[in-house]
Amino acid sequence: MAFSLSRITSNIKNNYGKYLAKAAGAAAVGMVAYDAHILGKLNADIYADSKEAKRCSAAFNNTLYQTEPSLVQSKIKKKLFNWELENNIFRIWNSAMGYLSGLGQMLVSGVVPLGLGLTALLTPLKHGKICKGAGIALLAYGAVKTVRDIFGLGQKNPLNSRYK
């Protein structure tokens, strides 16, 4: 079973719509995954910073108050506070939780192009109508999103509207 160039090109010519749909599906999945990754990284920093600030302020607040005057208790509280400031385990955990939160948020936000892209990409070539249908739907969705979100046509101007 040898690979011949003419056989490969004839298969591509007969299935170009399917291959274009698969390419569009791969591009859509790649764009949604890239956006989800970037939003996950941003959300990881924000979430970890806010949790770290709350944790450090609680630890600092503990050093300010004592039930009775004691130098030993004060020094132990100071050492505990310094240990809390240098502890990175909670920051790593909170960064991971923030990343997953941002990733999930963007995947849910982009569920339509992700679903259409995965359908076009993962459908076998023998189911050409499903693959082409998903590619056409992805093209239509992309056109609507481009006109509405990039060019701003068909959207209400929030500066001129009255909120009741």
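For the atom pair Phe81 CZ and Lys78 NZ, the distance stands at 6.5 Å (nearest 0.5 Å). In this structure, NZ on Lys51 lies 12.5 Å from OG on Ser95, to the nearest 0.5 angstrom. Atom CG of Asn87 and atom CZ of Arg55 lie 5.5 Å apart (nearest 0.5 Å). Note that CG of Leu20 is 12.0 Å distant from NZ of Lys22, once rounded to the nearest 0.5 Å. In this structure, SG on Cys56 lies 10.5 Å from CG on Asp49, to the nearest 0.5 angstrom. Here the straight-line distance linking atom CE of Met106 with atom CG of Asn43 works out to 12.5 Å at 0.5 Å rounding.
Within a 6.0 Å sphere centred on CD1 of Ile89, heavy atoms belonging to other residues, nucleotides or ligands number 12 at most.
With hydrophobic clusters built from ILVMFWY side chains whose heavy atoms lie under 4.5 angstrom apart, Leu42 shares a cluster with Tyr34. In the hydrophobic clustering of ILVMFWY residues, with side-chain heavy atoms under 4.5 Å counting as a link, Met97 and Leu39 come out apart. Under a hydrophobic-cluster definition in which Ile, Leu, Val, Met, Phe, Trp and Tyr are linked whenever side-chain heavy atoms come within less than 4.5 Å, directly or via other members, Tyr47 and Trp93 are assigned to the same cluster. Phe60 and Tyr65 fall within the same hydrophobic cluster, defined by Ile, Leu, Val, Met, Phe, Trp and Tyr side-chain heavy atoms under 4.5 Å apart, directly or through other members. In terms of hydrophobic clustering, with Ile, Leu, Val, Met, Phe, Trp and Tyr side chains grouped at heavy-atom distances under 4.5 Å, Leu103 and Leu114 are assigned to a common cluster.
Between Leu138 and Ala24, the closest heavy-atom pair is CD2-O, 3.4 Å. Taking all atoms of both residues into account, the shortest heavy-atom contact from Ala120 to Cys131 is O-SG, 3.4 Å. The shortest non-hydrogen separation linking Pro113 to Val32 is CG-CG2, 4.0 Å. Here the closest heavy-atom approach between residue Ala21 and residue Gly135 is recorded as CB-CA, 4.0 Å. Scanning all heavy atoms of the two residues, the minimum distance from Gly117 to Ala28 falls at CA-CB, 4.3 Å.
In this structure a side-chain-to-backbone donor-acceptor pair under 3.5 Å is present from Thr146 to Gly142.
Just one residue in the list Leu121, Leu122, Leu116, Thr123 forms a side chain to side chain contact (heavy atoms under 4.5 Å, CB included) with Thr119, and that residue is Thr123.
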